[in-house]
Structures are given as structure tokens and as C-alpha cells.
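Each ligand, and each atom within it, is numbered from 1 in the order the structure gives.
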Amino acid sequence: MADALKRTVSGMRPTGPLHIGHYFGVLKNWINMQEQDACYYFVADWHALTSDYAAPEHIHTHSAELVKDWLAAGLDPKKCVIFQQSEIKAHAELTLLLGMVTPISWLERNPTYKEQRQEISDKDLGNFGFLGYPVLMAADILLYQPDFVPVGQDQLPHLELTREIARRFNHLYGDFFPEPAARLTHAPKCPGLDGRKMSKSYGNAISLNDSDENIAPKIRGMFTDKNRLRKSDPGNPDSCNLFPYHQLLSDEERQVEIRLGCTSSTLGCVDCKRFFMEKLVAFLEPLRTRRAVLDSNPDLVQEVLREGNTKARAFAESTMTEVRRRMGV
Ligand code: TRP
């Protein structure tokens, strides 16, 4: 890849099948960016361990499934580097070294950390690794000296910490790390089927690998405009839980048609859901075709990772040579 290319890095934790919220929130951005930048995308399996250390049995299978979701969605290993965090030991070494210059107070006041410590009660998150989550993430990012990090809104505090750590390193050891910028998607929100945030743990998600048989009842049960009780009541697309999906998947013309039909009560929610189901099936079609190829070649995912790991390792090692020299080790 030529030097003039901008570099992009991002990762996801292997916590289970991706849903369309992940697709429109982050993955679509990853796929677009592979066309223009030198992109490094990885499975953050060590990050999964920071909270799931007591029940690690699914991390391995979820990692392979995650890569399968990515490839099915359109990440192309010829255009980007796809790798596994735990295979690149430099992520651990850089985490250790960045830990030397990261004040504990920065980690303790991280809003995501405080929130999760309060809200999550089924796991003990008093471990050192969980507090250090953002340091590991800073290492993931800075190793590849990127310009951009495409993430969801919820990751912004972590990315800010990455920049602060980079700044502190540069201050102590001379300018070296860039301060990478977030790349957010501008897509409309993708709520869950029940109006809450789409999340596998709420059971309100449509997965990228759901079959039509799985999807149909989900859509039938989906919330729409809760003030519209009968078809004869005029609806309001702006307070409807289904309309945002049309904004993601239907063309402008169809959206105008739906808005008109809904507000004049000529289009009922059942028909509107049918339109959505058609769009969703059409959207999923190419993903299913690519997934079928992956399913019939069980070694493919491992080959992609092997090749990606080799490329990522080489890049990460060259960064580490410079970091070690600057830090005197
Ligand atoms: N924390 C990110 C998430 O939960 C995953 C992640 C780990 C990541 N390392 C990263 C994202 C580096 C971007 C860059 O979504």
C-alpha cells in the first residue's frame, strides 16, 4: 500500500452475531473506508476478556463468527488487513509501556468505566484489566499510527483517552504518535424492534445472519407509532419506530410515499412492515450469498486471519522498534 494513503484502524469485540445496528452504525463505514484508505480491522478478543474473563468459552467461536460477519457484509481481505488482536503480541507490549505514562485518575474518571461499574452487576469488574481497557485500546490504535478510527458514538471517550495518551507519550519522548480522529457514520439511528437501543442482550435485534423465518415474526411484533392504534388514525413517521428503518433501506421516493400514506391514514402499519421486510430481504441477499461461500469453505476465515496477522505484525513491530528506543528499553 502506498505511503500517501491515509491509515484507518478499528476493532470489534467478539461478543456474538452482528446485527443491523452494528452494520449501519459502524461496519458500513469500515466497508466504505477500505476503498480509499489503508485499513486495519481486528477482532478485539483480549478486550472481550477484560469483562468476560470468568466465562471465556465463547470467545474463540465468536471470533471466527465475527470475521465471517465482516466478510459476508463486504469487507474484502484484498482491500484491508483483517487480523486478531491476541495474535499480535505487540498490542500487549505497547499496553504495558503506555501504562507507564497513563495516570490512574484518567482511567477512573472515564465515563464508560464509571457507568459500567455501576450498571453491570452480574460480573465483577473490579479487575485491573477492565480499568485498563482504554490503555489496551490506545495500544491497538497507536501501533498502526492511523489517521482515522471509525467507531460508534459510545467509543468517543475511549478515543479521547487515546489521544491524551499519545500526547503524553509525545511530550515525554518526542513527537511520534499521531492523534487519530474518530470517523462517525451519519446514518439515522437504528433503534431496536421495541424502541430501545438495538442489542442482542435485549432480544430486540435483527442479526445479519437471521433467516427469513426468524425475521418475519420479529417484524410482525415490531413497535411502530404507539399513538396510532387503528389504520384509520393518521400516523406520525417521526415518532414511529419503523420509519427509521425505511430511512436506512428505502429510497427517497418510497420514503415520501410512506410519509404521505401514513399521515393521511391510507397506508397501514401492516403494509408498511411488508415494504420493510422486502427491503430487508433484498439488503440481506448479497450477504447471504457471500456467507454461503464461507460456510462451504471452513478454512477461509482462518486463511484470511493468517495472512492479515502477518501483515499487521510487521507493521506493529516496526512501531515497537521506535517505541522501545524512545523509552530506553
Ligand atoms: N472498544 C471497542 C468497542 O467496544 C472495540 C475496540 C477495541 C476498538 N480496540 C479498538 C475500536 C480500537 C476501535 C479501535 O466497540
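A distance below 6.0 Å separates the ring centres of F24 and F283.
Atom numbering of ligand 1 starts at 1 in the shown order; those under 4.0 Å from a heavy atom of V151 are 11 (C), 13 (C). The atoms of ligand 1 that sit less than 4.0 Å from any heavy atom of S10 are 11 (C), 13 (C), 14 (C). The V149 neighbourhood of ligand 1 comprises atoms 13 (C), 14 (C), with distances under 4.0 Å to a heavy atom of that residue. Close contacts between ligand 1 and H47 involve ligand atoms 7 (C), 9 (N) [criterion: under 4.0 Å to a heavy atom]. Each of the atoms 7 (C) of ligand 1 lies under 4.0 Å from some heavy atom of A44.
With respect to atom 1 (N) of ligand 1, the closest heavy atom belonging to the protein is Y133 OH, 2.6 Å. Distance from atom 9 (N) of ligand 1 to its nearest protein heavy atom, with residue and atom name: D140 OD2, 2.7 Å. The nearest heavy-atom contact from the protein to atom 14 (C) of ligand 1 is I141 CG1, 3.6 Å. What sits closest to atom 6 (C) of ligand 1 on the protein, heavy atoms only, is G11 O, 3.7 Å.
Between T112 and D154 there is no side-chain heavy-atom pair separated by less than 4.5 Å.
Under the side-chain contact (heavy atoms from CB on, under 4.5 Å) test applied with V149, the options L156, I141, T8, T162 reduce to a single match, I141. Checked against K79 for a side chain to side chain donor-acceptor pair (under 3.5 Å), the options Q34, Q36, E35 give a single hit: E35.
Residues R163 and A181 come closest through the heavy atom pair NH1-CA, 3.9 Å. Minimum heavy-atom separation, N204 to K197: ND2-O, 3.1 Å. Considering every non-hydrogen atom in both S86 and D45, the closest pair reads OG-OD2, 2.6 Å.
Residue contacts with ligand 1 for D154 are absent, since no atom lies close enough (heavy atoms, distance under 4.0 Å).
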Check against ring-ring contact (aromatic ring centres under 6.0 Å, His included), F315 and F83: CA-CA 12 Å; F315 198 105; F83 68 99; over 10 Å; no

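Which of R13, Q155, H91, Q85 comes nearest to atom 2 (C) of ligand 1 through a heavy atom is settled by distance: it is Q155.
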